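Structure, as structure tokens:
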Amino acid sequence: MVSEAKEVQESIVNQVFPEAAGQDVPPEQLRDEYEVLADQVRKLRFAYYNEDSPLASDAEFDRLYRRLEELEALHPELVTNDSPTQEVGGEVSAAFTAVDHLVRMYSLEDVFSLDELRTWVTRAEASVEKIGGHAPLRWLTELKIDGLAVNLLYRNGTLVRAATRGDGTTGEDITHNALTIREIPRQLAGTDHPAEVEIRGEIFIASKAFAELNESMVEQGKAPFANPRNAAAGSLRQKDPAETAKRPLSMYVHGIGAKEGLQTLTQSETYRQLQEWGLPTSPYFKVLDSYDEVLDFIAHYGTHRHDLTHEIDGIVVKVDDFATQRALGYTSRVPRWAVAYKYPPEEVHTKLLDILVNVGRTGRVTPFGLMEPVKVSGSTVEMATLHNQDVVRAKGVKIGDIVVLRKAGDVIPEIVGPVLALREQQQPPVRDFVMPTHCPSCGTELAPAKEGDVDIRCPNARSCPSQLRERVFHLAGRGAFDIEALGWEAAIALTQPAEPATPPLTNEAGIFHLTPEDLAGVLIERDKKVKGEVTGRELVPYFYSRGTAKKPSVPTANTQKLFRELEKAKSQPLWRVLVALSIRHVGPTASRALATAFRSMEAIRAASEEQLADVPGVGPIIGQAVKEWFDVDWHREIVDSWASAGVRMADETDESTPRTLSGLTVVVTGSLTGYSRDEAKEAIITRGGKASGSVSKNTHYVVAGENAGTKLEKAEQLGLRVLDEEGFTRLLAEGPAGVDGAAEGGEEADDDNEDAGLRVEVDEPA
DNA sequence: ATACCTCGAGATCG
DNA sequence: CTCGAGGTAT
């Protein structure tokens, strides 16, 4: 073991040394060698921190580490955010940093009945037949484990990274914790390892282990976990891997993401390969030749659901054959070759104590049920939205009813309906819910925005405290001004405090003019707790410390932070200011489009509806919404007031970034080395281009990075121009002229232009 | 909609 | 020690 590691090190040092000395080496080769070295350093560090016997001496480790630093110093463009040098002194500060999956982690389409499953299967088989395949298909069925998805990246057989699913594109690095899980091998068994393979699995806690874990928690006087899934999730979020190591985490693998040099042809064959590499697959999966057998499988585990070693939330049915999987392909969110069947959700009874209404950011009034807290599918539920008046009526529930409650689609609690047999005996007697006619927050009469709308709204947008609170909360959010220290509670304290009667803010116009003096004496009402028990409500100061005889009441550290954050927020880019205004239909995407097109608030305000609608990605609805928003006096006052407080209302017209991509749509797919996904997007937008997520005939350029997927295939089908990273860089710098070479005399090239020199061939991924 | 983690601040207690 | 805030997960 040790001598093998040494050999690897020698070869790495020898490979890397020449570049470190500054010789000319092709960039791809440099990149490869850099990654080999970085992986090696990671591997040795893992071994050092997580195993009994280190693979290399301290001196050897240091030598490799210094080489890596040297290389990074000479070629800063190589440094990735998961580089071992980015970790501080052995502390794995890579923990929880964002990492891009090489291949997107899709979710699965859910079906909630056998009818829906039948429909899904029929459609899948029909489309396979249409492209020359034949039904019936061979299916692989498996249990859908109720745990957390992980993505394990192995390079040449060595685990180099474990990440959570995140949004499917970008997850969080949890390598430090994944390494404490026995079932996750640091090194794959056998010899024939692909250069690079992403293995997808599910981390969970087995039922028996969970019961024992909770027993020991209780013994230690700690609160038991609510359910195995949350316990597993919490365990993976531990900062200290030693803590994670104490949790009985397990894992089964069930798929492959990126792969380079993996030869298997079916899902089941892949599972066998994974087993040979020492990765645990579920003992429960089956390969079945008929739909009837699939139904049997579902029925069987329906009755034996609770006899299993772990919890499940359904059954996954996959097409076994890879060629057929490829033929079926993906929608934007899910594969067309797999589906998740969900067993009917657990239903419980509880008392509907009241139906209250919420007034949202846009004034929409939403009723929600308040219930006697009850356990359903692993959590304690006491609230459930009822959407609107019509839904309450359709469900037929009355306040005081015993109701049927379940978690629809896994997460959101749903009141199904009343238990009518129990209605008569309720004390106090049940009563009808009556939608309020006046706003519970400001007393203004409620009305639908338009004749016939089901939603009713509070028209007092300007000063309704509820709406204001929601807007303040929103403008402070991560997608807008990003004001830390201004959360839910602070928004209440600013807009609807218990005292004083006149809140510090009666309108968001004033937020940047607040002074610490405005916040003195603000009290909010909060649960009073004695030893964790709620004993009532109490008034507490929010922005200032509790004054005593000796100490005067002074602004708290958090309040000081709030003012620093407000100051910082004033220099946020224009698009964030636009998001902060809470204009209907104007979220981050439309805001970015408007900001790039007009570059200043003044220009947007002055634009006609048509000019607004002409902006790529805006359109008539948003154009109208923006125009109408600026037609309102108090809206313009918000902008003026913020501007007078020093909020930046224009993006610098930076001459150094010429608008080379004006009118062009660019799609980036796969991973680039020099740009993160967001950076690439930003680079396109700041040059006047449109960064789109999907390939169509309106796409002008497709930039294909490593492991580009179906988007590249589609681009090729459509005959679009495909650029590699270098081409992308040229495109950014010089516009079409930079990549069209000697294209015909300045004429805008057609979409179907196929300049061979510009095309990159990339192996078709899984 | 809820559970769980981390962090920092401030209250509480000996 | 407890709380709010901010993040993640399904």
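Residue numbers start from 1 in every chain, and the chains themselves are labelled A, B, ... in the order their sequence lines are given, proteins ahead of strands. For clarity, every value in this text was computed on a predicted model and none was experimentally measured.
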Just to be sure I understand the rule, does [X] reach a base, reach only the sugar-phosphate, or reach nothing, if contact means heavy atoms closer than 4.0 Å?
| X | value |
| --- | --- |
| A:V381 | sugar-phosphate |
| A:G147 | sugar-phosphate |
| A:R406 | nothing |
| A:A232 | nothing |

Please determine, for the side chain of [X], which listed nucleotide ([options]) has the closest atom?
| X | options | answer |
| --- | --- | --- |
| A:E172 | C:dT8, B:dT6, C:dT10 | C:dT8 |
| A:T164 | C:dT8, C:dA5, B:dA1 | C:dT8 |
| A:T380 | C:dG4, C:dT10, B:dA3 | B:dA3 |
| A:L148 | B:dT2, C:dA5, C:dA9 | C:dA9 |

Between [X] and [N], is there a side-chain N or O to OP1/OP2 distance below 4.0 Å?
| X | N | value |
| --- | --- | --- |
| A:K239 | B:dC7 | yes |
| A:Y542 | C:dA5 | yes |
| A:R247 | B:dC5 | yes |

For residues 398-405 of chain A, tabulate all N or O donor-acceptor pairs below 3.5 Å that involve a side-chain atom, not counting sequence neighbours.
unit_1, atom_1, unit_2, atom_2, d
A:K398, NZ, A:D432, OD1, 3.0
A:K398, NZ, A:D432, OD2, 3.4
A:D401, OD1, A:R423, NE, 2.9
A:D401, OD2, A:K398, N, 2.8
A:D401, OD2, A:R423, NE, 3.4
A:D401, OD2, A:R423, NH2, 2.7

Fill in: Electrostatic pair A:R237-A:E172, nearest N-O below 4.0 angstrom
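So A:R237 pairs with A:E172 through a salt bridge.
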Worksheet, complete the sentence: Numerically ordered, the residues 467-488 of chain A set in heavy-atom contact under 4.0 Å with DNA chain C is A:R478, A:I483, A:E484, A:A485, A:L486, A:G487
Fill in: Residues in contact with DNA chain B, drawn from residues 207-227 of chain A - heavy-atom cutoff 4.0 Å
A:F225, A:A226
Worksheet entry | Near-strand residues of residues 352-365 of chain A, defined as heavy-atom separation under 4.0 angstrom from DNA chain B | none
Worksheet entry | Nearest-nucleotide comparison on DNA chain B, the residue closer to the 5′ end among A:S235 and A:A384 | A:A384
Output one line per pair: protein atom, nucleotide atom from nucleotides 9-14 of chain B, and distance, for all N/O pairs under 3.5 Å.
unit_1, atom_1, unit_2, atom_2, d
B:dG10, OP1, A:A557, N, 2.9

Fill in: Contacts of type salt bridge (charged side-chain N to carboxylate O under 4.0 Å, His left out), residue A:E567, not counting sequence neighbours
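Listed in chain order: A:K570.
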Worksheet item: Does the cation-pi check pass for A:R469 over A:F473, that is, NZ or CZ under 6.0 Å from the six-membered ring centre and within 45° of its axis?
Response: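 No, a cation-pi geometry is absent between A:R469 and A:F473.
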